[in-house]
There are 2 protein chains.
Amino acid sequence: MTYSTQQDETVAPEAGASEDKGRRDEIVAVARRLLEHHGPDGVTMRAIASELGIRAPSLYKHVADKRELEVALIADGFRQQAEAFEQSEEHAIETFARRYRTWALEHPHLYRLMTDRPLPRNELPDGVEERAARPLIQAFGGSVDHARAAWAFAHGMVTLELAQRFPPDADIDAAWRVGIDAISNQSATTTNTR
Amino acid sequence: MTYSTQQDETVAPEAGASEDKGRRDEIVAVARRLLEHHGPDGVTMRAIASELGIRAPSLYKHVADKRELEVALIADGFRQQAEAFEQSEEHAIETFARRYRTWALEHPHLYRLMTDRPLPRNELPDGVEERAARPLIQAFGGSVDHARAAWAFAHGMVTLELAQRFPPDADIDAAWRVGIDAISNQSATTTNTR
DNA sequence: CATTGTAGGCTAACAGCGTTAGCAATGTCA
DNA sequence: TGACATTGCTAACGCTGTTAGCCTACAATG
């Protein structure tokens with residue numbers, strides 16, 4: 001058996017730096033699609049390769065390991081979140097909460113990937129995490145304690161909803177209202193800007 | 001090669017019903033220990049078997065599959081939580097929060113196992129989930145919306161802490177204080193007892 | 001034009017995972 | 001003593017991520 005037509009596309013590498021980018025980006029894109037459509041179990045190296053018409057070991061010519069793919073998806077997720085959360089309105093807290101929940105429910109698997117495990121902060125582009133977090137901190141006038149409490153509440157609501165931990169007849173909107181109300185009407189006695 | 005000394009322990013089965021209990025409980029106990037000490041990746045069927053001096057396939061004489069083991073651990077976790085949370089004090093909310101956090105930090109892997117995925121409610125002993133949840137609902141005088149908001153906050157704080165998502169210098173205690181303060185001083189405008 | 005180097009495919013294979021099939025030895029009971 | 005259930009075993013399957021080593025096509029250089 002001979003390799004008949006491998007490497008058809010000759011794309012004339014444009015002058016400049018590393019040209020690995022194209023293929024690598026394709027791989028990441030496929031991984032993202034598989035994650036969204038088939039969940040974490042659907043993201044296997046063989047499945048990714050198959051979608052690209054190649055075999056799994058070939059992926060390692062472009063990517064060090066699977067973890068690197070996940071890091072790429074996480075970094076991308078932060079960028080998406082930053083865009084979704086950035087705003088300059090009143091009712092900042094309510095707006096943030098709504099957008100946070102919406103984003104998470106629209107990207108459940110990516111959200112889990114981003115929050116399940118410790119962040120690979122060393123491998124993440126600089127500032128990417130900060131930028132996604134800034135809108136929330138601003139909404140609380142720089143009080144990080146309040147911002148963290150609000151974040152924890154939102155994160156808890158979202159993960160419990162995603163994991164279907166509330167009873168089927170639970171009024172999730174009502175719980176959101178109660179929580180947001182409580183935190184935004186909070187008397188800022190112990191404001192911490194650290 | 002012959003099987004030399006298999007099945008040494010002759011324990012004289014006490015009269016009564018199914019005697020699978022003993023071995024099955026041992027298996028669950030080993031699984032729990034492995035989960036606590038080595039995390040979820042340490043809980044493999046081969047590792048469990050090895051601890052018991054047998055081979056992995058033999059486990060299936062006592063347990064249907066790995067999921068059943070996990071369900072047993074989850075049920076046990078709920079029982080532990082119920083005992084840890086049940087109380088009859090004042091400052092119920094603060095006390096609950098402290099105990100909730102303490103329990104989660106003491107059993108991080110079990111906590112994750114219990115909250116990560118949808119509960120196998122069909123396979124769980126009746127009432128076990130309810131009982132663990134009751135102390136919290138009582139602390140809020142039966143308002144399930146407030147209880148859920150508080151639960152989400154606590155769950156969010158705990159999972160973010162376990163996943164090391166707060167910056168290393170973050171004042172986690174302060175965030176807890178802010179959140180608890182907000183929710184317990186909440187004006188109960190929209191009380192829902194459903 | 002011939003040579004060399006590299007990029008990016010490939011197959012074969014390994015260790016580890018959960019799990020199944022089928023066999024063997026032991027202990028219990030009639 | 002014979003039958004049967006219990007509980008162990010080995011071998012194996014299909015899946016996972018990953019490595020080693022090979023081959024082919026193209027680009028650049030002499």
Side-chain angles (χ1 to χ4, degrees), chain A residues 1-28 30-31 34-35 38-73 113 117, chain B residues 1-28 30-31 34-35 38-73 113 117:
Chain A
M1 184 213 302
T2 64
Y3 311 150
S4 46
T5 43
Q6 92 188 25
Q7 216 158 297
D8 332 9
E9 302 182 79
T10 312
V11 198
E14 50 252 65
S18 70
E19 278 326 306
D20 202 5
K21 273 302 184 90
R23 202 54 161 156
R24 208 196 103 109
D25 286 354
E26 281 180 16
I27 293 171
V28 174
V30 168
L34 285 175
L35 179 66
H38 304 289
D41 291 352
V43 187
T44 70
M45 298 304 271
R46 284 171 176 84
I48 296 170
S50 169
E51 288 282 300
L52 290 165
I54 62 178
R55 305 305 178 96
S58 303
L59 296 174
Y60 293 84
K61 299 288 179 173
H62 307 276
V63 174
D65 51 21
K66 193 184 181 185
R67 183 67 189 151
E68 187 185 311
L69 279 184
E70 295 177 352
V71 171
L73 295 184
L113 185 66
R117 284 175 297 227
Chain B
M1 184 213 301
T2 64
Y3 312 150
S4 47
T5 43
Q6 93 188 23
Q7 215 156 298
D8 334 10
E9 300 183 79
T10 313
V11 198
E14 49 251 67
S18 70
E19 279 326 306
D20 201 7
K21 273 302 183 90
R23 202 55 161 155
R24 209 196 102 110
D25 286 355
E26 282 180 15
I27 293 171
V28 175
V30 168
L34 285 175
L35 179 65
H38 304 289
D41 292 351
V43 187
T44 70
M45 298 303 272
R46 284 171 176 84
I48 296 170
S50 169
E51 288 282 300
L52 291 165
I54 63 178
R55 306 304 178 96
S58 303
L59 295 174
Y60 293 84
K61 299 291 178 171
H62 308 276
V63 173
D65 52 21
K66 194 185 180 185
R67 182 68 188 151
E68 186 185 312
L69 279 184
E70 294 176 353
V71 171
L73 295 184
L113 185 65
R117 283 174 297 222

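Reminder, nothing fancy here: chain letters follow the sequence lines and each chain counts from 1. Atom set for the values below is all heavy atoms of this structure, side chains included, hydrogens, waters and symmetry mates excluded.
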Completion exercise
In short, His62(A) meets Ile27(A) closest at the heavy-atom pair CB-CD1, 3.7 Å
Exercise for the section: Measure the shortest side-chain to side-chain distance between Leu69(B) and Leu73(B) over non-hydrogen atoms and say whether it is less than 4.5 angstrom. Expected result: no
Practice task
Would you kindly give the CD1-to-P distance between Ile27(B) and dT19(C), to the nearest whole Å?
Solution key: 13 Å
Problem - Side chain to side chain, Glu70(A) and Arg117(A), heavy atoms closer than 4.5 Å - result: yes
Practice task
Could you encode protein contacts along nucleotides 12-20 of chain D as a string, one character per nucleotide from 5' to 3', using B for base contact, S for sugar-phosphate-only contact and - for no contact, with a heavy-atom cut-off of under 4.0 Å?
Solution key: B---BBBBB
Problem - Phosphate OP1/OP2 of dG9(C): any His62(A) side-chain N/O under 4.0 Å - result: yes
Problem - Ser58(B) side-chain N/O to dC9(D) phosphate OP1/OP2 under 4.0 Å - result: yes
Practice task
Give a yes/no answer on whether the side chain of Arg55(B) brings an N or O atom under 4.0 Å of OP1 or OP2 in dT10(D).
Solution key: yes
Compile the donor-acceptor pairs under 3.5 Å between side chains in residues 42-56 of chain A and protein atoms, sequence neighbours left out, one pair per line.
| unit_1 | atom_1 | unit_2 | atom_2 | d |
| --- | --- | --- | --- | --- |
| Thr44(A) | OG1 | Ala47(A) | N | 2.9 |
| Glu51(A) | OE1 | Arg33(A) | NH2 | 2.3 |

Handout entry: Leu59(A) CG to dG9(C) C1', straight-line distance once rounded to whole Å
Key = 11 Å
Exercise for the section: Starting at atom NZ of Lys61(A), determine the distance to atom P of dT24(D), rounded to an integer number of angstrom. Expected result: 15 Å
Handout entry: Within-4.5 Å side-chain heavy-atom neighbours: Leu113(A) and Pro40(A)
Key = no
Problem - Whole angstrom value for the distance that separates C1' of dC17(C) from CD1 of Ile48(B) - result: 12 Å
Exercise for the section: Rounded to the nearest angstrom, tell me the gap between atom CD1 in Ile54(A) and atom P in dG9(C). Expected result: 5 Å
Practice task
Taking Asp65(B) for its side chain and Glu68(B) for its backbone only, find out whether a donor-acceptor pair lies under 3.5 Å.
Solution key: yes
